[in-house]
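Below is one structure; the comments refer to it alone.
What you see is a predicted model, and the numbers here were worked out from it, not measured in a lab. Reminder, nothing fancy here: chain letters follow the sequence lines and each chain counts from 1.
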2 protein chains.
Amino acid sequence: MTDRSEIPWPTVKRLSLYLREAERRIEAGATTVSSRQLGEANDIAGTQVRKDLGHFGQIGKSGIGYQATNLVMTLRRILGLNRSWRAVVVGVGNIGRAILGYPQFSQRGFHVIAAFDQNQAVVGEKIGGVEVHGMEALIDFIENEDIHLGLLAVPSEVSQQVAELLVEAGIKGILNFAPNRLLVPVGVVSVDLSRSLEMLAFQVSSGLTGEPPLGD
Amino acid sequence: MTDRSEIPWPTVKRLSLYLREAERRIEAGATTVSSRQLGEANDIAGTQVRKDLGHFGQIGKSGIGYQATNLVMTLRRILGLNRSWRAVVVGVGNIGRAILGYPQFSQRGFHVIAAFDQNQAVVGEKIGGVEVHGMEALIDFIENEDIHLGLLAVPSEVSQQVAELLVEAGIKGILNFAPNRLLVPVGVVSVDLSRSLEMLAFQVSSGLTGEPPLGD
DNA sequence: TTTTGTGAAACGCTTCACAGCG
DNA sequence: CGCTGTGAAGCGTTTCACAAAA
């Protein structure tokens with residue numbers, strides 16, 4: 001394994017796709033997968049797949065391909081999925097509720113432990129088996145319950161402020177649903193629905209078809 | 001204005017950000033914005049902003065910057081936001097419900113006209129003022145109500161099939177929430193929450209901080 | 001002086017071409 | 001042969017450097 005910080009971001013974005021494909025093939029009975037097989041469902045060339053996987057050493061066998069279960073284990077390890085992640089949802093509006101009701105997350109080791117909201121009207125509610133607490137309980141909860149990730153679904157006017165609160169409490173990463181950049185010293189990935197819709201509007205207006213470069 | 005199909009995709013992804021920033025500055029009383037101002041909130045260099053905007057002709061003034069309201073109009077036109085988009089939500093699970101309750105969309109001219117689901121138990125329900133219909137009504141509705149976009153929030157096992165249905169009915173673009181590529185001859189933008197979480201896990205595991213290249 | 005617009009250079013990722021292994 | 005791994009070439013985007021406009 002090479003130093004993870006040397007892996008190009010475009011490669012990282014594809015690793016999830018390879019992992020899924022490998023898992024699908026294993027379920028279909030495969031014990032071995034080729035670079036072409038790993039890429040074809042997502043229109044990624046075999047060469048590209050091999051270059052990407054090459055970052056982790058020589059893990060394939062010429063003439064055969066990749067040992068499927070090994071590959072899955074390697075990808076899981078690189079992506080950081082060989083552990084369990086404890087997360088809280090902050091902001092129980094529409095998006096927060098959707099996350100709380102989304103069972104797929106726990107399949108990958110992401111566990112939503114609790115939710116928080118400023119609005120006293122929703123405090124005490126239970127959504128998808130997860131209890132909603134008041135914001136004043138946030139810091140203690142994160143510290144005491146060993147929470148790693150924050151799923152941030154608050155209005156954009158307060159997202160930076162709440163993000164800083166999370167970081168102060170010791171959180172390690174934030175999935176941000178607000179349409180603005182967060183300046184915090186932890187990992188951040190943003191999901192910006194308005195922006196996605198606008199990119200779609202551009203595509204349609206331009207008469208473009210299919211997905212833009214690499215499923216983003 | 002140049003041919004839109006010649007605009008590089010990385011540029012398109014940034015246009016939404018410039019538009020937002022320009023609008024924010026106008027609200028704050030600005031009549032003029034510089035390339036540096038447009039980029040700084042998102043950590044984009046002034047040169048980059050100018051190269052991007054250069055695709056639409058020479059719309060700035062040396063020493064001054066860009067006429068704010070003009071710029072907003074231009075960006076809106078390029079992105080295809082100078083019109084109204086009629087959309088339907090297909091699949092009224094957690095994500096579908098979240099979209100239906102999300103009022104911000106209509107601010108940008110995206111109007112969710114109706115929702116559809118296979119499950120008879122939710123048909124007839126009204127969510128966020130939008131009625132849920134059965135899947136059998138989908139094709140006629142799209143044709144008769146002049147629907148342009150489909151917001152696809154169905155399980156991944158059926159997403160390709162439903163996408164084909166939408167295209168057959170004449171839809172022009174799909175915002176896809178299922179974790180798989182859609183092979184259809186219309187515009188597609190995907191929002192893949194599991195993948196975003198996995199990229200976040202990678203970042204945190206690697207000790208990386210801040211956002212990956214350009215807020216994606 | 002501030003800021004745009006733009007060729008040219010630099011950079012990073014993708015694709016090619018092919019050696020080598022099973 | 002089929003498939004991997006990889007140096008080298010190719011390509012598209014970003015950054016630099018600077019001329020020109022207000």
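Between the CD1 atom of I7(A) and the C1' atom of dC13(C) there is a distance of 15 Å, given to the nearest Å. Distance CG (L38(B)) to P (dT3(C)): 12 Å, rounded to an integer number of Å. Q48(A) places its CD atom 7 Å from the C1' atom of dC13(C), with the value rounded to the nearest Å. At whole-Å resolution of the value, CD1 in I59(A) and C1' in dT4(D) are 11 Å apart. Rounded to an integer number of Å, the gap from E6(A) CD to dC13(C) P is 12 Å. Taking atom OH of residue Y66(A) and atom P of nucleotide dG2(D), one finds them 17 Å apart after rounding to whole Å. One interatomic measurement links the two molecules: CG of L71(B) to P of dT3(C), which rounds to 16 Å at whole-angstrom precision. Rounded to an integer number of Å, the gap from CH2 of W9(A) to P of dT14(D) is 17 Å.
Within residues 22-30 of chain A, no residue approaches DNA chain D, by heavy-atom distance under 4.0 Å.
Residue pairs meeting the salt bridge (charged side-chain N to carboxylate O under 4.0 Å, His left out) criterion with at least one partner in residues 32-44 of chain A, sequence neighbours excluded, are R25(A)-E40(A), D43(A)-R181(B). Identified under the side-chain hydrogen bond (donor to acceptor under 3.5 Å, both in side chains) test for residues 162-176 of chain B, with sequence neighbours left out: Q160(B)-E164(B), N176(B)-S190(B).
Nearest nucleotide to the R36(B) side chain, out of dT3(C), dT4(C), dT15(D): dT3(C). Distance from the side chain of Q58(B) is smallest for dT6(C) among the nucleotides dT15(D), dT4(D), dT6(C).
The phosphate of dT13(D) (OP1 or OP2) has no side-chain N or O of R14(B) nearer than 4.0 angstrom.
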Extract all donor-acceptor atom pairs below 3.5 Å that involve side chains of residues 90-99 of chain B and protein atoms in other chains or at least two apart in sequence.
| residue | atom | partner | partner atom | Å |
| --- | --- | --- | --- | --- |
| N94(B) | ND2 | G101(A) | O | 2.4 |
| R97(B) | NH1 | V92(B) | O | 3.2 |
| R97(B) | NH2 | E125(B) | OE1 | 3.3 |
| R97(B) | NH2 | E125(B) | OE2 | 2.5 |

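When heavy atoms are screened at a 4.0 angstrom cut-off, S35(B) is found touching the sugar-phosphate backbone but no base atom.
With sequence neighbours excluded, no residue satisfies ring pair (Phe, Tyr, Trp, His ring centres under 6.0 Å) with Y66(A). Every residue was checked against the side chain to side chain donor-acceptor pair (under 3.5 Å) condition with Q67(A), not counting sequence neighbours, and none meets it. In this structure, the side chain to side chain contact (heavy atoms under 4.5 Å, CB included) partners of V186(B), at least two apart in sequence or on a different chain, are V167(B), I174(B), V184(B). With sequence neighbours excluded, the residues satisfying side chain to side chain contact (heavy atoms under 4.5 Å, CB included) with T11(A) are I7(A), P8(A), R14(A), L15(A), D52(A), H55(A).
Checking S16(B) against R195(A) by side-chain atom types alone, no donor-acceptor pair falls below 3.5 Å.
Between R108(A) and E23(A) there is a salt bridge, with a side-chain nitrogen of the basic residue lying less than 4.0 Å from a carboxylate oxygen of the acidic one.
For K51(B) against dT13(D), no side-chain N or O and base N or O form a donor-acceptor pair under 3.5 Å.
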Exercise. In B/S/- notation, 5' to 3', how is nucleotides 17-22 of chain D contacted by protein heavy atoms closer than 4.0 Å?
Worked result: ----BS
